[in-house]
Amino acid sequence: NKIKNKGRLYTVYKLIRLLRNNQIDILHTHCPSPDFYGRLAAFFGRTPFVFTTIHNTKGYSPSRETLFSRVTTKYVAISETVKKYMINSLGISPEKIVVIYNGIDFDKIHNINYDGILEKYSIEKKGKQLLLLNIAAHTSEKNIDILLKVVAELKNKFNKDVLLINIGAEGNNTDTLKALADELKINKNIKFLGKLENNEVIKFLKATDIFIMTSEKVIFDLVVLEALACGTCCVVSNEGGNKEIIKDGENGFLIDIDD
């Protein structure tokens, strides 16, 4: 730890010199650790304008923001959800916060051809089979278990031919999810594809019928914007940033995950 701290302090020293020697007017920082060391350097480097973007609703220190808000010209929140967290949990003045949403490249998405993507991953759509797409890592807050139970109900209670495709990194819940799929007897109705690069994700968004998300503690997920850009029907949890993107019944549907 002592070696690591010495390394960080040396980095701050180098940054101070860079700011001073190049007469940098604006410094923009992202994420808790760079925010701390960057603004520390900005203070000693006498940088006139300092902007800090907050991307999350955890991992930040109220006392640290009380200290560094004095050298922070403006804060950027990536959603109204984050802005509320900044005000209520970090004690940042609303006047110092501006909301700037993350964006996506519409032209890039439009130009991606999705022909053959299902066949590439050995997925065969049968007749009127309903293809559901979930893009989420195998962690508890993603609530993928709820989706598995939904698939089982659609299959058994409503006699629907449905296939759920999950794209996301495996994690602590992977074995549990696979065991649940086995218990619900829906192994043939679920495909776990693991983590894929973004272009592949876009292709699947274009090739499937419904994008469905049951995540909680949502900040502002770009995948919802990407799904809308692909023209895919969106059914997402009534949580956080989702409510800022989806207007229920207009451009998609909001669902209560506890219902």
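Basis for what follows: all heavy atoms, side chains included, without hydrogens, waters or symmetry-related copies.
- In plain terms, the two heavy atoms of Lys178 and Glu170 that are nearest each other are NZ-OE2, 3.7 Å.
- The shortest side-chain heavy-atom distance between Ile54 and Tyr60 falls under the 4.5 Å cut-off.
- Between Leu133 and Thr232 the shortest side-chain heavy-atom distance does not fall below 4.5 Å.
- Here the straight-line distance linking atom CG of Asp25 with atom CG of Leu27 works out to 11.0 Å at 0.5 Å rounding.
- Side chains of Ile109 and Cys230 form a contact here, defined as non-hydrogen atoms less than 4.5 Å apart.
- Glu239 CD to Asp256 CG: the interatomic distance, rounded to the nearest 0.5 Å, is 8.5 Å.
- Heavy atoms only, all atoms of each residue included: Ala207 and Ile117 are closest at CB-CG2, 3.6 Å.
- Counted within 6.0 Å of CZ on Phe44, heavy atoms from surrounding residues, nucleotides or ligands total 12 or fewer; the atom is thus considered open.
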How far apart are the C-alpha atoms of Leu205 and Ile135, what are their side-chain angles, what is the distance that settles it, and do they pass the side chain to side chain contact (heavy atoms under 4.5 Å, CB included) test? CA-CA 10 Å; Leu205 283 169; Ile135 301 168; 4.1 Å; yes
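- Separating the OG1 atom in Thr208 from the NZ atom in Lys125 is a distance of 8.5 Å, to the nearest 0.5 Å.
- Heavy atoms from other residues, nucleotides or ligands lying under 6.0 Å from NZ of Lys84 number 12 at most.
- Contact check for Leu228 versus Phe211: no side-chain heavy atoms found under the 4.5 Å cut-off.
- No donor-acceptor pair under 3.5 Å is formed between the side chain of Thr52 and the backbone N or O of Asp35.
- Although no hydrogens or angles enter the test, the distance criterion places no donor-acceptor pair under 3.5 Å between the side chain of Lys191 and the main chain of Ile123.
- If you take CG on Asp182 and CG on Leu148, they are separated by 11.5 Å, rounding to the nearest 0.5 Å.
- No path of Ile, Leu, Val, Met, Phe, Trp and Tyr side chains, each step under 4.5 Å between heavy atoms, connects Val50 with Ile24, placing them in separate hydrophobic clusters.
- Other residues, nucleotides and ligands contribute at most 12 non-hydrogen atoms within 6.0 Å of the OH atom of Tyr114.
- Side chain of Thr214 to backbone of Ile257: no donor-acceptor contact under 3.5 angstrom is found.
- Taking the six-membered ring for Trp and thresholds of 30 and 60 degrees, His55 and His30 have ring planes inclined between 30 and 60 degrees apart.
- Taking the ring axis of Phe36 as reference, the NZ or CZ atom of Arg64 stays within 45° of it and closer than 6.0 Å to the ring centre.
- Taking each heavy atom of Ala77 and Ile97 in turn, the nearest pair found is CB-CG2, 4.0 Å.
- When atom types are taken as modelled, the side chain of Asn113 and the backbone of Asp115 share a donor-acceptor pair closer than 3.5 angstrom.
- Linking ILVMFWY side-chain heavy atoms closer than 4.5 Å, directly or via other members, places Val150 and Ile255 in a single hydrophobic cluster.
- Hydrophobic clustering, defined by side-chain heavy atoms of Ile, Leu, Val, Met, Phe, Trp and Tyr closer than 4.5 Å, groups Val76 together with Val98, Ile100.
- The CG atom of Leu132 lies 10.0 Å from the CG atom of Asn189; values are rounded to the nearest 0.5 Å.
- Nearest heavy atoms, Ser237 versus Leu254: O-CD2, 3.9 Å.
- In terms of hydrophobic clustering, with Ile, Leu, Val, Met, Phe, Trp and Tyr side chains grouped at heavy-atom distances under 4.5 Å, Leu180 and Val162 are assigned to a common cluster.
- When the shell of 6.0 Å around NE2 of His110 is examined, it contains 12 or fewer heavy atoms from other residues, nucleotides or ligands.
- Using a distance-only test at 3.5 Å, with no hydrogens or angles considered, no donor-acceptor pair links the side chain of Asn166 to the main chain of Phe192.
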Test side-chain hydrogen bond (donor to acceptor under 3.5 Å, both in side chains) applied to Arg39 and Thr72, step by step: CA-CA 8 Å; Arg39 287 182 289 177; Thr72 306; 3.1 Å; yes
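- In this structure, CD1 in Ile202 is found 11.5 Å from CG in Leu196, a value given to the nearest 0.5 Å.
- Between Glu197 and Lys203, none of the side-chain N atoms (NZ, or NE/NH1/NH2) sits under 4.0 Å from a carboxylate O, so this pair counts as no salt bridge.
- Among all heavy-atom pairs drawn from Ile246 and Phe253, the shortest one is CG2-N, 3.7 Å.
- For Asp105 (side chain) and Asp107 (main-chain N/O), a donor-acceptor pair under 3.5 Å exists by modelled atom type.
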Test side chain to side chain contact (heavy atoms under 4.5 Å, CB included) on Asn251 and Cys234; report intermediate values, then the result. CA-CA 8 Å; Asn251 62 343; Cys234 291; over 6 Å; no
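- For the pair Ser89 (side chain) and Met86 (backbone), a donor-acceptor distance under 3.5 Å is absent.
- Hydrophobic clustering (ILVMFWY, side-chain heavy atoms < 4.5 Å, transitive): Val235 and Met213 are in distinct clusters.
- For OH of Tyr101, the number of neighbouring non-hydrogen atoms (other residues, nucleotides, ligands) closer than 6.0 Å is greater than 12.
- Put simply, the side chain of Phe204 reaches to within 4.5 Å of the side chain of Ile165, judged on heavy atoms.
- More than 12 non-hydrogen atoms from other residues, nucleotides or ligands lie less than 6.0 angstrom from CZ of Arg20.
- When every heavy atom of Thr81 is checked against every heavy atom of Gly241, the shortest pair comes out as OG1-N, 3.4 Å.
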Does Lys142 form a side chain to side chain contact (heavy atoms under 4.5 Å, CB included) with Asn173? I'd like the steps, not just the answer. CA-CA 10 Å; Lys142 302 302 182 181; Asn173 287 19; over 6 Å; no
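- Residues Leu118 and Glu124 form no side-chain contact, since every pair of their non-hydrogen atoms from C-beta on lies 4.5 Å or further apart.
- No side-chain heavy atom of Val218 sits under 4.5 Å from any side-chain heavy atom of Val224.
- Checking side-chain atoms of Glu244 against main-chain N and O of Glu80 turns up a donor-acceptor pair under 3.5 Å.
- A heavy-atom distance below 4.5 Å is found between the side chains of Glu226 and Asn198.
- Around atom CG of Asn159, no more than 12 heavy atoms belonging to other residues, nucleotides or ligands sit under 6.0 Å away.
- For Lys206 (side chain) and Ile112 (main-chain N/O), a donor-acceptor pair under 3.5 Å exists by modelled atom type.
- Within a 6.0 Å radius of CG in Asn56, more than 12 heavy atoms belonging to other residues, nucleotides or ligands are found.
- Here the side chain of Lys195 pairs no donor or acceptor atom with the backbone of Ala137 at under 3.5 angstrom.
- At a threshold of 4.5 Å between side-chain heavy atoms, the hydrophobic network of Ile, Leu, Val, Met, Phe, Trp and Tyr places Ile146 and Ile210 in one connected group.
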Which is it for Thr53 and Phe51 under the side chain to side chain contact (heavy atoms under 4.5 Å, CB included) test, yes or no, and what are the steps along the way? CA-CA 7 Å; Thr53 296; Phe51 299 90; over 6 Å; no
